[in-house]
Amino acid sequence: MTQPRNRVSWQERFVGLLVLVALAGIGYWVYLKQAVFHPAITVTRASLSSPRPGAEAELYATSSFLDHLPNDLQPMGPVEQFNKDNLSDKIDGRAELYLSAGFVQLECQRFSSPTDPTAWMEMYVYDMGTPRRAFAAYSVQRREDAEPLGLTPLGYQTPNAVFFQRGRFYVEIIAAAATPRAVANLQALAARLLNSLPGEAEPMAELEMFPTNDMAGGDVMLLLSNAFGFDRFSEIFSASYDLDGRALTGFISSRKNEAEAGDLAKGYRDFLIANGGTAEPVSLTMTNAWLVNLFGTYELVFTHGRVLAGVHEAETREDAEKLAEQFFEKIFGVTP
């Protein structure tokens with residue numbers, strides 16, 4: 001007996017057609033995704049197929065701060081620029097530090113080696129407007145594992161990065177890994193930048209006023225505002241000291257005139273007392289000096305002419321006065 005033939009309805013045919021169209025669409029989407037590469041991958045493939053120097057110039061322009069690149073580096077991506085409005089898009093969490101110091105613009109770019117695309121690094125050039133503000137950014141951001149850079153006095157290096165100030169610019173170049181090739185490229189790129197960046201100088205006489213005896217690390221920091229929590233303390237240079245294992249900080253600031261220096265010193269004394277400090281006599285023969293015991297640590301501030309200086313967070317009054325005496329002798333050449 002002949003079996004009846006199964007009929008396929010038009011609804012089933014329509015559903016089958018939709019499934020075939022969907023599968024074809026998915027296949028085409030996968031093809032497109034495989035054909036489009038991330039810019040970094042594009043550069044890597046180009047460098048492997050054509051590793052001649054300058055090959056990537058056809059893909060990316062070099063930073064405006066570089067006259068030319070070292071032979072072993074090429075742009076890995078386009079130049080990025082950030083201003084006051086979008087700086088946090090690049091360095092979220094640290095933007096306020098630069099903005100409060102007078103930040104103007106940031107230019108970034110990544111570079112890699114044609115022969116080793118994994119040895120890539122990123123360059124950050126912060127335009128801070130003035131050399132003094134650039135020094136403030138450089139000094140406040142200093143890393144604990146810093147070693148002298150050798151290329152410039154205002155520069156240092158860590159195992160995978162270099163940092164320096166040049167004129168109104170503060171520069172960081174950070175490598176993905178601390179390989180010998182990366183370290184060599186960091187040094188080469190830093191040298192190129194130091195030759196290319198404008199290097200206008202701004203005298204900072206305060207840097208020469210710090211006594212070097214008992215200085216811990218030899219690094220001076222510039223606090224542009226709100227130093228030690230006092231909102232009137234601006235342009236304060238400070239450095240760490242060690243007296244027989246006891247840490248303390250010395251500070252200096254050149255003011256416009258003697259009256260401003262004296263008023264600011266008294267204002268700091270009053271600020272400390274208002275926050276729980278107790279005024280104590282100073283045994284040194286300084287005419288304009290104030291000592292405050294703040295919950296067991298000692299703050300000493302003094303002025304001479306238009307220079308304000310002092311000691312922050314000394315463990316004993318003897319330490320505070322000893323370091324203050326060293327500062328006075330170094331700055332003015334006489335014993336107080």
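The analysis underlying the following values was restricted to heavy atoms, covering all of them including side chains, and did not include hydrogens, waters or symmetry mates. In this chain, numbering begins with 1 at the start of the sequence shown. Keep in mind that what you see is a predicted model, and the values were worked out from it rather than measured.
- The side chain to side chain contact (heavy atoms under 4.5 Å, CB included) with Leu149 is formed by just one residue from the set Leu154, Val162, Leu186; it is Val162.
- Nearest heavy atom pair, residue Val220 against residue Ser139, reads O-CB, 3.5 Å.
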Could you walk me through whether Arg255 and Val307 pass the side-chain contact (heavy atoms from CB on, under 4.5 Å) test, one step at a time? CA-CA 6 Å; Arg255 312 312 299 185; Val307 176; over 6 Å; no
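- Side-chain atoms of Glu107 and Ser64 form a donor-acceptor pair, as typed in the model, at a separation below 3.5 Å.
- Atom CD of Glu313 is separated from atom CG of Leu294 by 8.5 Å, given to the nearest 0.5 angstrom.
- Taking every heavy atom of both residues into account, Pro70 and Leu189 meet most closely at CG-N, 3.9 Å.
- Taking CG from Leu323 and CG from Asp214, the interatomic distance works out to 7.5 Å, rounded to the nearest 0.5 Å.
- Here OG of Ser112 is found 12.5 Å from CD of Glu122. Values are rounded to the nearest 0.5 Å.
- Between the side chains of Ser283 and Glu321, at least one donor N or O lies within less than 3.5 Å of an accepting N or O.
- Side-chain atoms of Leu106 and Gln81, non-hydrogen and from C-beta on, never get closer than 4.5 Å to each other.
- With hydrophobic clusters built from ILVMFWY side chains whose heavy atoms lie under 4.5 angstrom apart, Leu284 shares a cluster with Ile331.
- With contacts defined as side-chain heavy-atom distances shorter than 4.5 Å, the pair Thr152/Arg166 does not qualify.
- There is no path of hydrophobic side-chain contacts, each under 4.5 Å, that joins Ile91 to Met123.
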What do the steps show when you test Met209 against Ser254 for side-chain contact (heavy atoms from CB on, under 4.5 Å), and what is the final call? CA-CA 10 Å; Met209 296 180 181; Ser254 296; 3.9 Å; yes
Decide yes or no on side-chain hydrogen bond (donor to acceptor under 3.5 Å, both in side chains) for Tyr298 and Glu315, but give the supporting numbers first. CA-CA 6 Å; Tyr298 290 83; Glu315 291 187 19; over 6 Å; no
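- Asn275 contributes a side-chain N or O that, together with a main-chain N or O of Phe271, makes up a donor-acceptor pair within less than 3.5 Å.
- When ring centroids are compared, Tyr156 and Tyr138 come within the 6.0 Å threshold.
- Here the CD1-CE distance, from Ile173 to Met121, works out to 7.5 Å after rounding to the nearest 0.5 Å.
- Between the side chains of Asn293 and Thr278, not a single donor N or O lies within less than 3.5 Å of an accepting N or O.
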Applying side-chain contact (heavy atoms from CB on, under 4.5 Å), run through Phe103 and Leu87 and close with a yes or a no. CA-CA 9 Å; Phe103 167 83; Leu87 179 61; 3.8 Å; yes
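- No path of Ile, Leu, Val, Met, Phe, Trp and Tyr side chains, each step under 4.5 Å between heavy atoms, connects Val104 with Phe135, placing them in separate hydrophobic clusters.
- Gln109 and Tyr124 share no side-chain donor-acceptor pair at under 3.5 Å.
- The pair Arg317-Glu280 meets the salt-bridge criterion, since a charged nitrogen lies less than 4.0 angstrom from a carboxylate oxygen.
- With rounding to the nearest 0.5 angstrom, the NZ atom of Lys322 is 5.5 Å from the CG atom of Leu243.
- Under a 4.0 Å N-O distance rule, the pair Arg143/Glu172 qualifies as a salt bridge.
- Nearest heavy atom pair, residue Ala101 against residue Arg133, reads O-CD, 2.7 Å.
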Applying side-chain hydrogen bond (donor to acceptor under 3.5 Å, both in side chains) to Arg232 and Ser234, what does each step give before you reach the verdict? CA-CA 6 Å; Arg232 292 179 57 199; Ser234 62; over 6 Å; no
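- Contact check for Pro198 versus Phe169: side-chain heavy atoms found under the 4.5 Å cut-off.
- At distances below 3.5 Å, not a single donor-acceptor pair connects side-chain atoms of Asp242 with backbone N or O atoms of Ala216.
- No side-chain heavy atom of Trp290 sits under 4.5 Å from any side-chain heavy atom of Leu300.
- Between Phe65 and Ser196, every side-chain heavy-atom pair lies at or beyond the 4.5 Å cut-off.
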How far apart are the C-alpha atoms of Glu329 and Val334, what are their side-chain angles, what is the distance that settles it, and do they pass the side-chain contact (heavy atoms from CB on, under 4.5 Å) test? CA-CA 5 Å; Glu329 290 178 354; Val334 294; over 6 Å; no
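- Between Phe228 and Phe251, a ring centre-to-centre spacing shorter than 6.0 Å is recorded.
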Could you walk me through whether Asn226 and Asp231 satisfy the side-chain hydrogen bond (donor to acceptor under 3.5 Å, both in side chains) test, starting with their C-alpha distance in whole Å, then the side-chain angles of each, then the deciding distance to 0.1 Å, before giving a yes or no? CA-CA 4 Å; Asn226 201 39; Asp231 59 5; over 6 Å; no
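- Around the NZ atom of Lys266, the shell of radius 6.0 Å holds no more than 12 heavy atoms that belong to other residues, nucleotides or ligands.
- Between His68 and Thr62, the closest side-chain pair of non-hydrogen atoms is not below 4.5 Å.
- A salt bridge does not link Arg306 with Glu258: none of the charged nitrogens is closer than 4.0 Å to a carboxylate oxygen.
- Of the residues listed (Asp67, Leu69, Leu197, Leu73), the one engaging Arg192 in a side chain to side chain contact (heavy atoms under 4.5 Å, CB included) is Asp67, and it is the only one.
- In this structure, Met128 and Gln165 have side chains that are not in contact, with every pair of non-hydrogen atoms separated by 4.5 Å or more.
- In terms of heavy-atom proximity, Pro159 sits nearest to Ala178 at O-CB, 3.3 Å.
- Grouping the Ile, Leu, Val, Met, Phe, Trp and Tyr side chains by contacts below 4.5 angstrom, directly or via other members, places Tyr268 with Leu222.
- Annotation: side chain of Val183 is not in contact with side chain of Asn185 (no heavy-atom distance under 4.5 Å).
- A pairwise comparison of heavy atoms in Asp72 and Pro114 identifies O-CD, 3.4 Å as the closest pair.
- Using a cutoff of 4.0 Å between basic side-chain nitrogens and carboxylate oxygens, Glu235 and Arg132 are scored as salt-bridged.
- A ring-centre distance under 6.0 Å is found for Phe327 and Tyr241.
- With hydrogens and angles left out, the side-chain atoms of Asn213 and Gln326 include no donor and acceptor closer than 3.5 Å.
- Both Met215 and Ile236 belong to a common hydrophobic cluster when Ile, Leu, Val, Met, Phe, Trp and Tyr are linked at side-chain heavy-atom distances under 4.5 angstrom.
- Phe210 has its ring centre no less than 6.0 Å from the ring centre of Phe237.
- Smallest separation of non-hydrogen atoms from Asn86 and Phe82: OD1-CA, 3.3 Å.
- Ser113 OG to Gln74 CD: the interatomic distance, rounded to the nearest 0.5 Å, is 7.5 Å.
- Between Tyr98 and Tyr126, the gap from one ring centroid to the other is short of 6.0 Å.
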